[in-house]
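Each chain gets a letter, A, B and so on, in the order its sequence line appears, and its residues count up from 1.
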There are 2 protein chains.
Amino acid sequence: METKKSHGVQGRPRAFNVDIALEQALLLFWRKGYLGTSLTDLTEAMGINRPSLYAAFGNKETLFRKALDRYRDQRTTYVRDALEEPTARRVIERIMQGVVELVTNPNNPSSCLVAQSLLTFADPDDPLHQELVERRAADELAIRDRFERAASEGDLPPDADPADLARFVLTVNSGLSVQAAGGASRTELLQVVQTALQACPILD
Amino acid sequence: METKKSHGVQGRPRAFNVDIALEQALLLFWRKGYLGTSLTDLTEAMGINRPSLYAAFGNKETLFRKALDRYRDQRTTYVRDALEEPTARRVIERIMQGVVELVTNPNNPSSCLVAQSLLTFADPDDPLHQELVERRAADELAIRDRFERAASEGDLPPDADPADLARFVLTVNSGLSVQAAGGASRTELLQVVQTALQACPILD
DNA sequence: ACTAATCTGTACCAATCGGTAAATAAATCG
DNA sequence: CGATTTATTTACCGATTGGTACAGATTAGT
């Protein structure tokens with residue numbers, strides 16, 4: 001039986017929880033940015049020392065990529081949830097309201113990690129640039145696919161272009177994140193969402 | 001007479017042009033971000049050595065502020081120009097088209113320096129945070145004032161809120177900048193602008 | 001008990017960071 | 001001509017950067 005206390009592998013067991021440590025790293029990267037976060041900052045927040053970090057996560061860059069994964073899987077679930085809404089209008093509404101909730105939640109830093117990192121590594125020469133472009137493109141594709149389904153279901157006017165509409169939604173989303181970093185309140189951002197919704201060629 | 005070759009002040013004259021040096025610094029900050037730009041990067045691009053930089057510009061932070069001034073005065077003139085358009089619709093159109101032209105111009109880095117820096121220093125504890133918030137707020141105020149004038153001139157529907165509309169315009173503008181950093185083409189961004197224009201409660 | 005495997009802690013590395021001291025060079029003023 | 005003022009050059013500073021060598025500690029397998 002494998003129901004022993006053993007964790008299956010030889011050697012001294014980890015003295016820290018990898019998930020919790022990664023969460024702390026994510027919060028720090030999110031608040032201070034990749035370049036603004038030092039290894040010392042990280043190890044202090046994660047409660048481990050440097051060799052443990054390197055053994056468990058590789059290096060600063062791979063740790064950041066794992067933080068991006070966690071961000072996608074645990075903080076931007078509102079995108080996937082929104083895609084399951086029955087109408088295009090409600091999809092858009094939920095995506096936009098989702099990002100407002102995300103960036104104005106007092107437990108979170110007041111910006112979107114992907115947008116922030118994309119502007120930090122806007123130079124195509126930066127090693128993380130392509131990675132971030134691809135993550136953003138994946139979101140865009142998922143939303144576009146959903147709008148194409150909407151179009152085929154008669155849920156969008158015939159002249160509406162699903163690809164354009166997906167780009168518009170993501171543009172507003174990024175903009176909301178910048179506005180939040182600039183100190184805009186949740187009420188103000190929700191008002192912006194209402195204005196943006198009027199732009200969408202959707203039936204209601 | 002003061003028409004001599006003398007430049008009026010004693011001492012050895014500068015061997016470099018301050019304006020040109022500042023322009024190089026701006027381009028570098030814009031492309032690599034504040035934290036991604038080192039003093040060595042700066043002095044190399046500016047063609048001067050370190051003590052000259054400190055004598056002429058103070059330190060890295062004050063140099064950055066001067067670069068921000070130059071950015072405002074020489075790269076975002078489209079905002080002031082747009083405010084002089086006769087109708088609210090054309091004001092909005094020109095602002096949005098202006099930022100698209102700015103961030104997709106092959107001579108420029110593909111993002112907005114203020115949005116980029118605002119996300120870099122989104123933490124209110126960062127020394128440059130407040131500065132950036134204020135610069136952004138100044139733009140918002142100018143646009144809001146213009147829309148209030150439009151409202152009083154009957155150029156906006158009575159239910160349109162000038163403050164909300166100004167925030168919406170700046171939200172889209174920031175979003176366009178992030179999209180550009182993500183690799184969106186000028187055509188795609190102009191399409192987004194057309195979609196955004198439909199959101200605006202404006203008479204046409 | 002012994003060996004192999006893995007993690008922890010200390011202590012360190014070369015490189016780079018932002019910033020400056022001090023000597024020299026080039027201009028103006030008297 | 002000095003004397004004064006400002007800029008340039010070289011060489012350097014302490015601090016911090018991301019990353020690692022190595023010895024000791026803790027586990028599992030035999």
Inset, instruction - Name the closest nucleotide to the A:Arg12 side chain, picking from C:dG18, D:dA25, D:dG29. - result: D:dA25

Inset, instruction - Report yes if a side-chain nitrogen or oxygen of B:Ser38 is closer than 4.0 Å to either non-bridging phosphate oxygen (OP1 or OP2) of C:dT16; otherwise report no. - result: no

Inset, instruction - Take atom CG of A:Leu39 and atom P of C:dT16, then tell me their distance rounded to the nearest Å. - result: 16 Å

Legend entry - Any B:Arg14 side-chain N or O less than 4.0 Å from OP1/OP2 of D:dA7: yes

Inset, instruction - Take B:Ala55 and A:Gly58, find for each the nucleotide of DNA chain D with the closest heavy atom, and name the residue whose nucleotide sits nearer the 5' end. - result: B:Ala55

Legend entry - side-chain N/O A:Ser52 vs C:dC7 OP1/OP2, d < 4.0 Å: no

Legend entry - Closest nucleotide among C:dA27, C:dG9, C:dG19 to the B:Pro13 side chain: C:dA27

Inset, instruction - Classify the angle between the aromatic ring planes of B:Phe64 and B:Phe29 as parallel (below 30°), tilted (30 to 60°) or perpendicular (above 60°). - result: perpendicular

Inset, instruction - For the residue pair B:Thr40 and B:Arg50, confirm or rule out a side-chain donor-acceptor distance under 3.5 Å. - result: yes

Inset, instruction - Rounded off to whole Å, could you give me the CD-to-P distance for the B:Glu61 and C:dC17 pair? - result: 18 Å

Inset, instruction - Take atom CG of A:Leu53 and atom C1' of C:dC7, then tell me their distance rounded to the nearest Å. - result: 14 Å

Inset, instruction - Compare the minimum distances between each of D:dG18, D:dA21, D:dT10 and the side chain of A:Pro51, then state the nucleotide with the smallest one. - result: D:dA21

Inset, instruction - Select base, sugar-phosphate, or nothing to describe what B:Thr37 touches, counting heavy atoms under 4.0 Å on all strands. - result: sugar-phosphate

Inset, instruction - Check whether any side-chain nitrogen or oxygen of A:Asn49 sits under 4.0 Å from OP1 or OP2 of C:dG9, and answer yes or no. - result: yes

Legend entry - Sugar-phosphate, base or nothing in reach of A:Ala15, heavy atoms under 4.0 Å: sugar-phosphate

Legend entry - Options D:dG29, D:dT8, C:dG19, nucleotide nearest the side-chain atoms of B:Phe16: D:dT8

Inset, instruction - Could you tell me whether B:Lys32 sits above the aromatic face of A:Phe121, with NZ or CZ closer than 6.0 angstrom to the six-membered ring centre and within 45 degrees of the axis? - result: no

Inset, instruction - Write down the distance between CE (B:Met46) and P (C:dG18), rounded to a whole number of angstrom. - result: 13 Å

Legend entry - Spacing between B:Phe57 atom CZ and C:dG18 atom C1', to the nearest angstrom: 17 Å

Inset, instruction - Indicate whether the side chain of B:Ser174 and that of B:Arg136 have a donor and an acceptor atom separated by less than 3.5 Å. - result: yes

Legend entry - Between C1' of D:dG18 and CZ of A:Phe29, the distance in whole Å: 12 Å

Inset, instruction - Using whole Å, report how far CG of A:Asp41 lies from C1' of D:dG18. - result: 13 Å

Inset, instruction - Indicate whether any N or O donor in one side chain lies under 3.5 Å from an N or O acceptor in the other, for B:Thr195 and A:Arg167. - result: no

Legend entry - Integer-rounded Å distance: C:dG19 P and B:Phe64 CZ: 14 Å

Legend entry - base_contact_polar (C:dG9 base, A:Arg50 side chain, donor-acceptor, <3.5 Å): no

Inset, instruction - Show the numbers, then the answer: is there a side-chain contact (heavy atoms from CB on, under 4.5 Å) between B:Met46 and B:Leu63? - result: CA-CA 12 Å; B:Met46 298 164 85; B:Leu63 171 59; 4.3 Å; yes

Legend entry - Out of D:dT4, D:dT17, C:dG18, whichever nucleotide has its closest atom nearest the side chain of A:Thr40: D:dT17

